[in-house]
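Worksheet for the structure shown next.
The analysis underlying the following values was restricted to heavy atoms, covering all of them including side chains, and did not include hydrogens, waters or symmetry mates. Everything quoted here is computed from the prediction, not taken from an experiment.
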Amino acid sequence: MSAVLITGGAGAIARAIAQRASEAGWRPVSLDLRAPSDPLPNEAYIHCDFSDLAAARAALAEAVALHAPTRLVNNVGIVRPASLEETTVEDLDAVMDVNLRSAILAAQAVLPAMRDAGFGRIVNIASRAALGKELRSAYAAAKAGLIGLARTWALELAPQGITVNAIGPGPIATELFRRANPDNSPKTRAIIEGVPVRRLGTPEDVAHACAFFLDDRAGFVTGQTIYVCGGLTVGFAPA
């Protein structure tokens, strides 16, 4: 069974991606600090701390040795909100290690299996924040980096049958988002009213785009970024 390696596999968006992968007949292999609370019947889980370089490399080596994944979703990420003046070097290092370094490590780990198969799909989960968002210097830089990596890897890996694309989600109704933005708060209403389709996105919206990029039939699409944002990137909105 073909495997899909999903970093940060316990989060809400990753769970939706894992579900779509399972429905497509692939085995989700989730790497995260904690096991998924709702594991799928064909899912594998490997504990991984992407802030720890040695631990990350060991977990990725285990995933490759056991499952030889030919599909990769670089999803793991953390946020350290801060203004420019308040952003510390420690914040920057932490965000880059988990959000950006992890993607390079994971891609390097799966490349041998993809090359052997003459096939591969890599999807980087970036963010609309890559286009700019207040209080997100480190996060926006890391997410913009994921888009840059996708474009660079697409050029390098295309001759080997490997495609690389990115997804930039807008505001997605996850538990984490709702904790920071209660349903009835003025801030949340302003966010929703700023989205042209007048709703928050769902993890399933992101998973649907990801499933397209992961599909065997998406071999002529590489180096692209799709914003799953309800039209938010078309104009300015407070989100």
Side-chain angles (χ1 to χ4, degrees), residues 3-22 26-40 43-53 55-64 67 69 71-81 93-110 121-130 136 138-147 149-150 164-180 201-207 209-211 213-214 228:
V4 183
L5 180 63
I6 305 170
T7 68
I13 290 175
R15 300 316 302 150
I17 292 171
Q19 179 65 48
R20 285 296 297 265
S22 182
W26 308 321
R27 179 188 300 280
V29 179
S30 295
L31 272 63
D32 207 323
L33 279 170
R34 69 183 193 280
S37 59
D38 54 346
L40 298 162
E43 184 172 8
Y45 165 70
I46 297 172
H47 178 269
C48 182
D49 180 358
F50 279 104
S51 69
D52 183 320
L53 179 58
R57 283 177 167 159
L60 287 164
E62 180 181 350
V64 169
H67 305 288
R71 291 175 172 85
L72 166 65
V73 181
N74 284 312
N75 170 77
V76 68
I78 61 172
V79 184
R80 295 282 180 90
D93 286 347
V95 171
M96 290 297 175
D97 286 353
V98 175
N99 296 27
L100 197 60
R101 184 182 70 186
S102 66
I104 295 174
L105 295 175
Q108 289 173 337
V110 300
R121 298 284 184 265
I122 299 175
V123 181
N124 291 345
I125 304 300
S127 171
R128 192 201 69 87
R136 295 292 188 277
Y139 183 77
K143 292 300 187 179
L146 287 174
I147 294 172
L149 290 179
V164 191
N165 294 284
I167 295 173
I172 305 297
T174 63
E175 180 183 350
L176 183 63
F177 177 89
R178 293 194 182 282
R179 282 205 301 266
T202 68
E204 289 73 22
D205 289 324
V206 181
C210 190
F213 282 141
L214 292 174
V228 181

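In terms of heavy atoms, V228 sits closest to A209 at CG2-CB, 3.7 Å. In terms of heavy atoms, A109 sits closest to V64 at O-CG2, 3.4 Å. Pairing each heavy atom of P69 with each of A63, the nearest pair is CD-O, 3.9 Å. In this structure, P36 and Y45 approach most closely via the heavy-atom pair CD-CD1, 3.6 Å. Contact detail for L146 and L100: the closest heavy-atom pair is N-CD1, 3.6 Å. Scanning both residues, S51 and R101, for their nearest heavy atoms gives O-NH2, 3.5 Å.
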For this session: Show your reasoning for whether side chain to side chain contact (heavy atoms under 4.5 Å, CB included) applies to V98 and V76.
Result: CA-CA 7 Å; V98 175; V76 68; 3.9 Å; yes

Exercise. Given V123 and R71, is the side chain to side chain contact (heavy atoms under 4.5 Å, CB included) satisfied, shown in steps?
Worked result: CA-CA 8 Å; V123 181; R71 291 175 172 85; over 6 Å; no

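Note that the CG atom of L5 and the CZ atom of R27 stand 13.0 Å from one another [nearest 0.5 Å]. Between the CD1 atom of I6 and the CH2 atom of W26 there is a distance of 10.0 Å, given to the nearest 0.5 Å. To the nearest 0.5 angstrom, I17 atom CD1 is 13.5 Å from S22 atom OG. To the nearest 0.5 Å, atom CD of residue E175 and atom CZ of residue R179 are 5.0 Å apart. Rounding to the nearest 0.5 Å places CG of L214 at 9.5 Å from CG of N165. Note that the CZ atom of R128 and the CZ atom of R136 stand 10.5 Å from one another [nearest 0.5 Å].
Taking 4.5 Å as the limit, every side-chain heavy atom of I78 sits out of range of all side-chain heavy atoms of F50.
With respect to L60, the side chain to side chain contact (heavy atoms under 4.5 Å, CB included) criterion is satisfied by exactly one of I46, L105, V110: L105.
Side-chain N/O atoms of S30 and E43 include a donor and acceptor closer than 3.5 Å.
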